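All remarks here apply to the structure that follows.
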Amino acid sequence: MARAVGLDIGTRTIKVVELNGSPKSFKVMRVITRPFPEVDPTPPEGEVSKDLEELISDEVREIFTSLKLPKDDVCVSFDSGVTVFREIVVPFLEDDQIRKVVKFEAEHHLHSQTIEDVIVNWVKTGESRDGSRLTIFASPKASLERLLLVLRGAGIEPSAIDLDATALYTAYDAVGILEENPNAILVDVGARSTAILLVVEGRPLVMRSFLLGTDQVEAGVSHDLDVSREEGRRRARLAAGPQADDLLASCLLYTSDAADDL
């Protein structure tokens, strides 16, 4: 029986990781990737075509049922491309004190969104005589609600939702890469967004994510060469080389020299 399940609903695929063991000694049992289901534009007469979110819920439910995966400890990733990152300083050192003021402090740094429309989280990145340095994350409630509706449609109440950017850091840290390379830049290029994390002495210092991914590259190739989107995707992958299909190819690790240059 799996101890925990990780679930990532991306923009093209659904990815599931099954873990066993303890938090300090875990083992990856299975990695499953499924393409997004396609919406039927012409459903049978008398039936209503399901929208994409309903189809994704059905696909996630089928994955968990067919593979007999437990639903009591499911950790889900959230697209950091729609999240605002900011670095701030608060005049406190204790986590309890920081937690009381972080939302109020974050409000002064969010110029494109109102504080009522986002969920604010944070990590401490350091301390100084002025207090604590924080990286805050402001994720839109509407996007989180859509994700939760998809999960509930699949019968899943997640035990945790983590940004894909911070999950990337956690994964590298868990397998010991950051112990060998404590100063690094982590880059994750997805289909829709790209996340960049600066890690100094093994701790995340600066994080950024923006809505630019391989979809835009493929669209640009197809536009510039006046070919179909499928042909643009083929040529973009051909230019990237065989490593483009490697699951780890999008996670580029530049160690101490690159981090020091930044």
Side-chain angles (χ1 to χ4, degrees), residues 6-15 33 35-39 51-53 55-56 76-88 106-107 109-123 135-151 161-172 185-199 204-225 228-230 232-237 239-240 244-254 262:
L7 172 62
D8 174 38
I9 300 174
T11 56
R12 289 184 185 172
T13 59
I14 301 168
K15 296 171 283 293
T33 301
F36 263 25
E38 295 184 4
V39 177
D51 62 26
L52 181 59
E53 291 182 349
L55 292 172
I56 293 172
V76 180
S77 72
F78 179 74
D79 184 3
S80 60
V82 296
T83 297
V84 176
F85 295 80
R86 293 289 186 270
E87 286 73 43
I88 67 173
E107 187 172 12
H109 299 270
L110 301 177
H111 307 299
S112 60
Q113 295 171 304
T114 62
I115 198 67
E116 291 80 13
D117 293 332
V118 297
I119 299 293
V120 176
N121 209 338
W122 56 277
V123 294
T135 293
I136 58 171
F137 324 118
S139 300
K141 290 180 180 179
S143 298
L144 283 164
E145 288 171 355
R146 285 195 296 271
L147 174 61
L148 288 171
L149 284 174
V150 169
L151 295 172
I161 296 179
D162 193 8
L163 286 175
D164 52 16
T166 52
L168 177 68
Y169 165 80
T170 302
Y172 273 114
I185 299 173
L186 308 181
V187 182
D188 178 34
V189 182
R192 192 173 80 118
S193 61
T194 297
I196 302 175
L197 293 84
L198 173 63
V199 180
L205 185 63
V206 178
M207 304 181 194
R208 286 293 183 270
S209 186
F210 45 91
L211 291 172
L212 179 63
T214 58
D215 275 353
Q216 287 81 5
V217 174
E218 294 166 3
V221 171
S222 62
H223 177 269
D224 292 344
L225 299 181
S228 68
R229 185 60 179 267
E230 291 72 20
R233 178 176 301 160
R234 188 190 71 80
R235 296 196 186 190
R237 284 182 169 269
D245 289 323
D246 191 326
L247 284 174
L248 298 180
S250 64
C251 302
L252 307 178
L253 178 65
Y254 299 92
L262 186 68

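Not measured: the values here are computed from a predicted model. We use all heavy atoms of the structure for the numbers below, so side chains are in, but hydrogens, waters and symmetry mates are not.
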> Is there a side chain to side chain contact (heavy atoms under 4.5 Å, CB included) between Ile9 and Val76 once you walk through the steps?
Replying inline: CA-CA 8 Å; Ile9 300 174; Val76 180; 5.5 Å; no
> Where do Val206 and Thr135 land on the side chain to side chain contact (heavy atoms under 4.5 Å, CB included) test, with the steps shown first?
Replying inline: CA-CA 7 Å; Val206 178; Thr135 293; 5.9 Å; no
> Should Val118 and Val120 be marked as a side chain to side chain contact (heavy atoms under 4.5 Å, CB included) after you check the CA-CA gap, both sets of side-chain angles, and the distance that decides it?
Replying inline: CA-CA 6 Å; Val118 297; Val120 176; 4.0 Å; yes
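Listed here is the closest heavy atom pair of Arg208 and Glu87: NH2-OE1, 2.8 Å. Considering every non-hydrogen atom in both Gly10 and Phe36, the closest pair reads O-CZ, 2.9 Å. Scanning both residues, Ala165 and Ala195, for their nearest heavy atoms gives CB-CB, 3.9 Å. A pairwise comparison of heavy atoms in Ser77 and Asp8 identifies OG-OD1, 2.5 Å as the closest pair.
In this structure Asp162 satisfies the side-chain hydrogen bond (donor to acceptor under 3.5 Å, both in side chains) test together with Thr166, sequence neighbours excluded.
With respect to Ser193, the side chain to side chain donor-acceptor pair (under 3.5 Å) criterion is satisfied by exactly one of Asp188, Asp79, Asp164: Asp79.
Contact annotation: the side chain of Thr114 never approaches that of Leu110 to less than 4.5 Å [non-hydrogen atoms, C-beta and beyond].
Between the CD1 atom in Ile196 and the CE atom in Met207 there is a gap of 13.0 Å [rounded to 0.5 Å]. Note that CD1 of Ile161 and CG of Leu7 are 10.0 Å apart. Values are rounded to the nearest 0.5 Å. Atoms CZ and CG, from Phe85 and Leu197 in turn, are 7.0 Å apart once rounded to the nearest 0.5 Å.
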Cut-off 3.5 Å, no hydrogens considered: what does the side-chain donor-acceptor table look like for residues 136-144, sequence neighbours left out?
residue	atom	partner	partner atom	Å
Ser139	OG	Thr83	OG1	2.9
Lys141	NZ	Glu116	O	2.9
Ser143	OG	Arg146	NH2	3.2

